[in-house]
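Here is the structure we will look at, set down as structure tokens.
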Amino acid sequence: MKDDYESIVHHNLLIIKRNNSSSKSSKLYIKVSYDKIEDLLHFLIGQNILDPIEIEVYDEKYIPNEKDYLIIQRFLVLINRFNINKISFFLSDTTFPIYSAIMKSINWSFANNTYMSLSINRNPLNKKKKDLILPSTPSKFLLPEEILIWQSEETLNKLNGKVDNQVLQDSVKLKKYIEELYAKIKSKYKIEQFTEFDKSLIISSILKRNFRKIDSSDDDIITPYQVIKQKGGNALGRARLMAILLNNEYMKTNATIIKGQYENRSHVWVGVLIDNLLYHCCPTYLRAFFDPDGIKCIPNKDEVYPKIYKSQAFNERRYAAEEKRVLSLIRRNYVE
């Protein structure tokens, strides 16, 4: 099966080096991708390594097989015997649960020195695959609100000390806000007839109508919850909030932020994936489904979705038709 993300998966990576400090503070640094884990095993087996080790592991594979599982298990069992100063895992939504389950089963010894993140998420709308068994995993998690809002309230309540406290608190508040907003949308619109286009236009319109003009520097760190609280924020905070209001268990729309340049200034907007085509929407001043090429809105080179998916846009006629369609979905008995 073809993997759309193959071009951004880390491959052929194996770096082993020591620092140049005195022997008393000597450390071994390792960086490895999944296809080189066996080579790393061959290096480690039989070595009497007493120095603290710092490791980065990149395992963003699409569909791990039984052999992959056994290699991961051998690797984790072996390094569990060493002196791990810090280990960071950069995983996909398919490998994350595998590492979690194995670490739990082998009584992983380095929970306070272990950090796990989701660097590739191929199935962002699959709630079952988002069951990352976080509470029982002996690790800390570098996960943003975009991932945490998919977890149950019960799960979030068990993550104290495992996730950044402010991010965790904001995730709980965002879940509540999403639930309340969805209830309002449901009371106003015939949601059973919604398409992803309808949802994207409605959320974009809500943000433009109810939130103040951007008045914060792009250098400020504005979280999605701060945008709600302040009814303002910068382009990044607003775009993250828009993506969160679409990509959740209620709206179920594959949306992600895209960073780039517009009119020679940094800008952030939202990419919405519909029928394997990428549509560009903006919660600030560009209209939904705009043509990035036509207005010279250029994504940064490291942005994932523009690399993988072909962009599509609405012309003015189609946009007007979509606006008309959304109006037709308002319930007859709805009162503001």
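We use all heavy atoms of the structure for the numbers below, so side chains are in, but hydrogens, waters and symmetry mates are not.
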Would you say L329 and L327 are hydrophobically clustered, going by side-chain heavy atoms of ILVMFWY under 4.5 Å? yes
Determine yes or no for a side-chain-to-main-chain donor-acceptor pair under 3.5 angstrom, with H11 supplying the side chain and V9 the backbone. yes
Whether K86 engages the ring of Y115 as a cation-pi pair (distance to the six-membered ring centre under 6.0 angstrom, angle to the ring normal within 45°) should be assessed. yes
Could you tell me whether K296 and E263 have a side-chain N and a carboxylate O separated by less than 4.0 Å? no
Would the distance check show the side chain of T195 and the main-chain N or O of F197 forming a donor-acceptor pair, the cut-off being under 3.5 Å? yes
Could you tell me whether R287 sits above the aromatic face of Y319, with NZ or CZ closer than 6.0 angstrom to the six-membered ring centre and within 45 degrees of the axis? yes
Side chains of D59 and I98: closer than 4.5 Å at any heavy-atom pair? no
Partners meeting side chain to side chain contact (heavy atoms under 4.5 Å, CB included) with Y5 (sequence neighbours left out): D3, I8, I120, R122, V304, Y305, I308, Y309
Applying side chain to side chain contact (heavy atoms under 4.5 Å, CB included) to K27 and not counting sequence neighbours gives N19, Y29, P52, E54, N85
Linking I/L/V/M/F/W/Y whenever their side-chain heavy atoms sit closer than 4.5 Å, directly or via other members, would I106 and I45 fall into one cluster? yes
Is a salt bridge present between E249 and K175, judged by a nitrogen-to-oxygen distance below 4.0 Å? yes
d(L241 CG, E145 CD) to nearest 0.5 Å is 10.5 Å
Which word best sums up how the rings of F110 and W108 line up, parallel for under 30°, tilted for 30 to 60°, or perpendicular for over 60°? perpendicular
Going by heavy atoms in the side chains, are F290 and W269 under 4.5 Å from each other? yes
Cation-pi geometry met for K199 and F194 (6.0 Å, 45°): no
Looking at K307 and E303, is any side-chain nitrogen of the basic one under 4.0 Å from a carboxylate oxygen of the acidic one? no
Across all chains, not counting sequence neighbours, the salt bridge (charged side-chain N to carboxylate O under 4.0 Å, His left out) partners of E322 are none
